[in-house]
2 protein chains.
Amino acid sequence: MPKSELRTIVPIVRSSLGERPTLDPQGGSTSLRMDTALHPIDLDDRSRMSDIILESAKLFAVKGYDGTSIRDIARAVGVAQASLYHFFADKREIHSTVVTISVERLLWLIRERLGACTTSSERVEAFAQAHAQHISENAPLYFASALGYNELADPVVKARVQRMRDSYEEILRGIIRDGIESGEFRELDVKLGARAIISCLNWMARWWRADGPDSAETIATEYVRLIIRGFRPE
Amino acid sequence: MPKSELRTIVPIVRSSLGERPTLDPQGGSTSLRMDTALHPIDLDDRSRMSDIILESAKLFAVKGYDGTSIRDIARAVGVAQASLYHFFADKREIHSTVVTISVERLLWLIRERLGACTTSSERVEAFAQAHAQHISENAPLYFASALGYNELADPVVKARVQRMRDSYEEILRGIIRDGIESGEFRELDVKLGARAIISCLNWMARWWRADGPDSAETIATEYVRLIIRGFRPE
DNA sequence: TCGCTTGCCGAACGAGCGTTCGGTAGAATA
DNA sequence: TATTCTACCGAACGCTCGTTCGGCAAGCGA
């Protein structure tokens with residue numbers, strides 16, 4: 001089961017390169033499955049494929065896409081270069097998979113966290129904390145995705161990741177809109193408010209490190225509490 | 001004079017690679033001149049050197065450091081590859097110069113803009129507007145610097161740019177501290193407040209484009225007005 | 001007029017890149 | 001038992017990269 005889930009996403013990423021996914025009879029339903037993010041991909045099994053993805057993510061996070069060579073990845077995983085091509089079509093597919101899994105996880109985590117919240121303020125805070133949890137739990141994956149997602153060469157993969165980022169942003173906008181409607185927030189520019197919070201969260205990829213004094217969750221919460229003060233009426 | 005100013009900064013950047021700057025007798029005084037940013041570098045003369053810097057900035061901004069080749073730059077400028085090495089020691093020096101000039105300009109612009117302001121709120125707004133003005137006036141330079149400044153290979157250049165970014169951040173922190181002292185702002189976490197504003201400004205490099213509906217200055221002002229609401233007392 | 005510097009170029013260098021090919025050992029399937 | 005498939009590898013291919021070298025023409029101070 002864990003391994004089969006991992007084996008589901010790669011053909012989907014690959015399908016955007018012109019190939020059809022081999023595990024599912026229909027392309028349409030698989031991409032729907034992607035966007036709705038019903039489950040996170042398991043990378044904790046000790047399969048080769050997980051290893052490749054995780055080691056690649058570490059390298060991409062530190063050295064960037066261009067700065068990381070196939071030889072680097074092979075050395076980190078402990079296999080020959082040629083072996084990587086047994087699991088992935090090319091280097092771009094490895095990178096696309098890393099980025100896609102990261103965004104998929106983030107979206108899944110946010111949706112799961114939002115279920116337990118009632119007020120709009122709580123929901124904004126939960127949104128930020130889910131983002132922070134993703135940063136701290138999947139640091140290499142997240143940094144690789146955040147720093148390198150505009151290096152995505154394939155336009156189809158890029159479009160799908162963009163679509164997922166759009167729905168990520170739309171979730172926050174919806175929360176703020178609800179808050180305005182219920183009177184919990186004043187009449188404010190929804191786009192601007194959402195973007196301010198997301199900017200703070202995203203910029204953390206540039207300076208936050210796990211060995212620093214504050215946890216990602218703490219910082220995210222404080223950001224939200226500061227900005228949400230500007231959301232309050234009067 | 002314009003050209004000579006441009007010819008000042010390059011030896012300074014170069015000096016960090018182990019060479020001594022040739023235009024100034026003392027290394028210490030030149031690096032002091034850099035950090036205090038007494039004047040912006042003129043890139044509007046039609047010299048070869050300005051051309052190389054500006055065309056490189058455009059390419060770095062779009063394709064990144066690794067994605068841009070010496071051949072790309074030479075083609076954009078309209079010279080042979082070998083000619084670039086007449087003005088710069090290597091590719092890294094071109095990139096370092098682009099990034100350094102951008103940060104230098106930003107700092108200079110902020111210091112100039114802050115002179116005309118009185119209240120702390122005005123000063124925070126002026127800070128953000130100076131940043132926005134830099135983005136819109138020097139878009140390629142800024143994007144190249146913002147997206148690629150952690151690709152700086154040379155540790156000495158990286159340290160100097162970091163130092164300039166630190167003093168950039170310290171300016172904003174000082175403004176906020178003054179505002180708290182005078183009672184204009186409540187007792188808030190200065191580091192966090194400054195970081196929130198800077199995050200919004202920096203993240204603009206990822207999504208703002210000159211052909212969009214809003215000017216960079218407008219967006220920056222609205223960000224600040226939103227966040228500053230959370231700075232106000234009670 | 002001589003010699004030096006500046007600006008510039010064509011051609012080539014070695015290194016590293018992503019990728020491919022032919023093949024093997026072993027497990028799974030028939 | 002015969003066949004197929006999975007996981008994996010060593011060695012090489014063609015290509016692009018940053019950089020270097022030797023040389024040329026124009027300008028300029030001596």
Side-chain angles (χ1 to χ4, degrees), chain A residues 3-4 6-8 10-11 13-14 17-19 22-23 45-53 55-56 59-60 62-98 148 151-154 157, chain B residues 3-4 6-8 10-11 13-14 17-19 22-23 45-53 55-56 59-60 62-98 148 151-154 157:
Chain A
K3 190 165 176 181
S4 72
L6 183 57
R7 292 183 141 285
T8 304
V10 178
V13 173
R14 190 182 335 237
L17 302 163
E19 285 179 51
T22 50
L23 294 181
D45 60 343
R46 296 299 303 162
S47 71
R48 240 328 77 106
M49 205 160 210
S50 295
D51 254 15
I52 296 173
I53 292 171
E55 293 299 329
S56 301
L59 289 164
F60 289 147
V62 174
K63 303 165 52 157
Y65 177 73
D66 289 313
T68 303
S69 72
I70 286 289
R71 284 161 179 84
D72 290 336
I73 298 172
R75 199 179 313 119
V77 176
V79 294
Q81 306 171 51
S83 304
L84 299 176
Y85 290 84
H86 178 68
F87 299 95
F88 295 92
D90 49 28
K91 186 188 172 188
R92 277 168 45 210
E93 194 180 79
I94 301 178
H95 187 243
S96 298
T97 305
V98 167
E151 299 191 78
L152 285 174
D154 186 67
V157 176
Chain B
K3 189 164 175 180
S4 72
L6 182 57
R7 292 183 140 288
T8 304
V10 177
V13 172
R14 189 180 337 236
L17 301 164
E19 286 181 49
T22 49
L23 294 181
D45 60 344
R46 297 300 303 163
S47 72
R48 256 292 108 92
M49 205 160 210
S50 294
D51 255 16
I52 296 173
I53 292 172
E55 294 300 327
S56 301
L59 290 164
F60 289 147
V62 174
K63 304 165 51 152
Y65 177 74
D66 289 312
T68 303
S69 71
I70 286 289
R71 284 161 179 85
D72 291 335
I73 297 172
R75 199 180 313 119
V77 176
V79 294
Q81 306 171 52
S83 304
L84 299 176
Y85 290 84
H86 179 68
F87 298 95
F88 295 92
D90 50 29
K91 185 188 172 188
R92 278 168 45 208
E93 192 180 81
I94 301 178
H95 187 242
S96 297
T97 305
V98 167
E151 299 190 77
L152 285 174
D154 186 68
V157 176

With sequence neighbours left out, write down each residue that passes side chain to side chain contact (heavy atoms under 4.5 Å, CB included) with Ala76(B), or none if nothing qualifies.
Glu55(B), Leu59(B)

Would you mind reporting whether Ile53(A) and Phe88(A) have side-chain heavy atoms less than 4.5 Å apart?
yes

Nearest to side-chain heavy atoms of Tyr85(B), which nucleotide of dC21(C), dC8(D), dT19(D):
dT19(D)

Whole angstroms only, please: what is the CD1-P distance between Ile94(A) and dG18(C)?
10 Å

Whole-Å distance between dT19(D) P and His95(B) NE2?
14 Å

Rounded to whole Å, the CG-P distance (Leu84(A) to dT19(C)) equals 11 Å

Separation of dG18(D) P from Arg92(B) CZ (nearest whole Å)
13 Å

Measure from NE2 on His86(A) to P on dC8(D) and round the result to the nearest Å.
7 Å

So does Ser83(A) get a side-chain nitrogen or oxygen closer than 4.0 Å to the phosphate oxygens (OP1/OP2) of dC9(D)?
yes

Between C1' on dG18(C) and NZ on Lys91(A), what's the gap in Å once rounded to a whole number?
8 Å

Smallest heavy-atom separation, Tyr65(B) atom then Arg92(B) atom, equals OH-CG, 3.1 Å

Please name all residues satisfying salt bridge (Lys or Arg N to Asp or Glu O under 4.0 Å) with Arg71(B), sequence neighbours left out, ordered by chain then number.
none

For Asp72(A), the salt bridge (Lys or Arg N to Asp or Glu O under 4.0 Å) test, sequence neighbours excluded, returns Lys63(A), Arg75(A)

Can you check the Phe88(A) CZ to dG18(C) C1' distance for me, whole Å?
16 Å

Tell me which residues in residues 68-81 of chain B put a heavy atom below 4.0 Å from DNA chain D, sorted by number, or none.
Thr68(B), Ser69(B), Ile70(B), Arg71(B), Gln81(B)

Could you state the atom-to-atom distance from CD1 of Ile52(B) to P of dG7(C) in whole Å?
10 Å

For Ala74(A) and Ala80(A), which heavy atoms make the closest approach, and how far apart are they?
CB-C, 3.9 Å

